[in-house]
Amino acid sequence: RTGTEGIRNQVMSEAQNGIGWTYFKTQSLDSASVAFNEATKLNRRNEDAWAGWAGGALADKRYSDAARYSDQALSLEPDYNSATRLLNDDDKSLGVGHDSFDERHLRLLLAEAYFHQGRYSAAERSDPKNAAAQVRLLRNNQFVYIDLGKLLEAISIEAQKLQDTF
């Protein structure tokens, strides 16, 4: 969508996204999900709404949805960072950043979602859709899958690192 309707949808998507994050922070996951869903309907390219929706899905133990929404956010913006987001118009940009949720958090979210789905590793082929691959991406390829215990420990360590920076 272009022109006035496209701009209106972007702005409305950001409004719904903000509502979603507000609900998410207060643990109102059903309301957050509704708002993030609406935000992504209005603007399919709103990576922040996909990221928020992924977080809510993980908290709600909807692991398949969490992985799908995280993948969508990262496909739209591989270097995703909620703090530095801009809403662009043809002749100006508006800062819409918030918090410090970034690509690393989405990778950790993917690792947790894949772990809960039983997708631990794919040693026979290069496939990022498993928990070990996401930990490897978080650690700049410095992780080798050995067993479930080591994988779970690695996920826990990465979660603690991110919590310390949040």
Side-chain angles (χ1 to χ4, degrees), residues 13-83 85 96-139 143-166:
S13 175
E14 284 304 324
Q16 287 297 318
N17 183 47
I19 291 166
W21 280 102
T22 299
Y23 280 129
F24 180 79
K25 290 176 186 178
T26 62
Q27 300 295 307
S28 300
L29 300 179
D30 290 339
S31 297
S33 183
V34 168
F36 289 133
N37 181 28
E38 188 61 29
T40 59
K41 281 183 189 175
L42 288 162
N43 180 6
R44 302 299 288 172
R45 300 197 53 79
N46 187 337
E47 75 281 355
D48 196 48
W50 288 108
W53 205 4
L58 183 70
D60 227 8
K61 297 183 172 116
R62 294 187 346 263
Y63 303 117
S64 180
D65 287 342
R68 191 173 72 233
Y69 302 155
S70 294
D71 276 338
Q72 182 65 24
L74 289 169
S75 73
L76 291 168
E77 182 53 65
D79 297 320
Y80 168 76
N81 187 332
S82 65
R85 293 184 60 246
V96 291
H98 64 90
D99 301 313
S100 296
F101 196 80
D102 62 28
E103 176 259 343
R104 299 167 304 159
H105 295 88
L106 286 173
R107 295 270 174 224
L108 180 62
L109 198 151
L110 278 166
E112 291 182 44
Y114 291 145
F115 186 90
H116 285 287
Q117 289 178 308
R119 295 165 68 179
Y120 308 120
S121 181
E124 68 280 354
R125 66 191 185 291
S126 177
D127 177 11
K129 295 189 181 289
N130 64 77
Q134 295 304 316
V135 171
R136 218 174 358 269
L137 287 166
L138 277 167
R139 292 185 170 180
F143 178 76
V144 176
Y145 176 80
I146 297 170
D147 61 38
L148 288 180
K150 293 291 183 191
L151 178 58
L152 188 56
E153 178 184 14
I155 291 170
S156 296
I157 289 169
E158 293 305 314
Q160 187 60 49
K161 284 184 199 173
L162 289 178
Q163 185 175 0
D164 290 345
T165 63
F166 201 55

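Worth knowing before you read on, the calculation uses all heavy atoms, side chains too, and leaves out hydrogens, waters and symmetry mates. Remember, it's a predicted structure, so these values are computed and weren't measured experimentally. Here, residue 1 is the first one in the sequence, and each next residue gets the next number.
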S.K.: If you look only at distance, which donor and acceptor atoms sit under 3.5 Å apart when one is on a side chain in residues 28-39 and the other is two or more places apart or in another chain?
M.R.:
| residue | atom | partner | partner atom | Å |
| --- | --- | --- | --- | --- |
| S28 | OG | T26 | OG1 | 3.4 |
| S33 | OG | W53 | NE1 | 3.0 |

S.K.: Of all heavy-atom pairs between A49 and N17, which one has the smallest distance, and what is that distance?
M.R.: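 A49 and N17 have their closest heavy atoms at CA-OD1, 3.1 Å.
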S.K.: Locate the shortest heavy-atom distance separating A67 from Q117; write the atom from each residue and the value.
M.R.: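 For A67 and Q117, the tightest heavy-atom pair comes out as CB-OE1, 4.4 Å.
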S.K.: Check whether the ring centres of F115 and Y120 lie less than 6.0 Å apart, and answer yes or no.
M.R.: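 Centroid distance F115-Y120: below 6.0 Å, so yes.
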S.K.: Of all residues at least two apart in sequence or in a different chain, which pass the salt bridge (Lys or Arg N to Asp or Glu O under 4.0 Å) check with R68?
M.R.: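 Here the qualifying residues are D65.
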S.K.: Got a second to check how far I155's CD1 is from K150's NZ, nearest 0.5 Å?
M.R.: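 Going from CD1 on I155 over to NZ on K150, the span is 14.0 Å.
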S.K.: Does either side chain, that of Y145 or that of N130, offer a donor lying less than 3.5 Å from an acceptor on the other one?
M.R.: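 Absent: no donor and acceptor within the cut-off.
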S.K.: Does a side-chain heavy-atom distance below 4.5 Å link I157 with Q160?
M.R.: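 A side-chain contact is absent here, since even the closest heavy-atom pair is not under 4.5 Å.
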S.K.: Is it the case that the side chain of R119 and the backbone of A131 share a donor-acceptor pair, with hydrogens and angles ignored and the cut-off at 3.5 Å?
M.R.: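 No; judged by distance alone, with no hydrogens or angles, the pair does not exist.
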S.K.: So which heavy atom on L108 is nearest to which on L162, and how close?
M.R.: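 Closest pair (atom of L108, atom of L162, distance): CD2-CD1, 3.8 Å.
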S.K.: Donor-acceptor pair, distance only, cut-off 3.5 Å: does the side chain of H116 make one with the backbone of A113?
M.R.: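 Judged by distance alone, no pair lies under 3.5 Å.
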S.K.: Above 12 or not: heavy atoms from other molecules or residues under 6.0 Å from CZ of R139?
M.R.: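 Counting neighbours around CZ of R139, more than 12 heavy atoms of other residues, nucleotides or ligands fall under 6.0 Å, so yes.
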S.K.: Rounded to the nearest 0.5 Å, what separates atom CZ in R45 from atom OG in S75?
M.R.: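 The CZ atom of R45 sits 8.0 Å away from the OG atom of S75.
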S.K.: Quick one: does Y69's side chain get under 4.5 Å of L109's, heavy atoms only?
M.R.: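 A side-chain contact under 4.5 Å is absent here.
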S.K.: In Å, rounded to the nearest 0.5 Å, how long is the span from CG of L76 to OG1 of T40?
M.R.: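 Answer rounded to 0.5 Å: 10.5 Å.
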S.K.: Tell me which pairs pass salt bridge (Lys or Arg N to Asp or Glu O under 4.0 Å) where either residue lies in residues 51-60, with sequence neighbours left out.
M.R.: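 Every pair satisfying salt bridge (Lys or Arg N to Asp or Glu O under 4.0 Å) with a residue in residues 51-60: D60-R62.
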S.K.: Let me confirm one number: the CG-CG distance from L74 to L110, rounded to the nearest 0.5 Å.
M.R.: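 Between atom CG of L74 and atom CG of L110 there are 6.0 Å.
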S.K.: Has the side chain of Q134 got a donor or acceptor atom that lies under 3.5 Å from a matching backbone atom of P128?
M.R.: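 Side chain of Q134 to backbone of P128: a pair is present.
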S.K.: Among W21, F24, W50, which one satisfies ring pair (Phe, Tyr, Trp, His ring centres under 6.0 Å) with F101?
M.R.: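 Of the listed options, the one satisfying the test is W21.
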S.K.: Please say which of R104, H105, E103 ends up in a side chain to side chain contact (heavy atoms under 4.5 Å, CB included) with R107.
M.R.: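 So, applying the side chain to side chain contact (heavy atoms under 4.5 Å, CB included) to R107 and each of R104, H105, E103, only E103 qualifies.
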S.K.: Enter the distance from N46:CG to Q72:CD here, rounded to the nearest 0.5 Å.
M.R.: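 One finds 10.5 Å between CG of N46 and CD of Q72.
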S.K.: Taking atom OG of S13 and atom CG of L42, what is their separation to the nearest 0.5 Å?
M.R.: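 That separation rounds to 5.5 Å.
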S.K.: Using side chain to side chain contact (heavy atoms under 4.5 Å, CB included), reason through F143 and L137 one step at a time and then give a plain yes or no.
M.R.: CA-CA 9 Å; F143 178 76; L137 287 166; over 6 Å; no
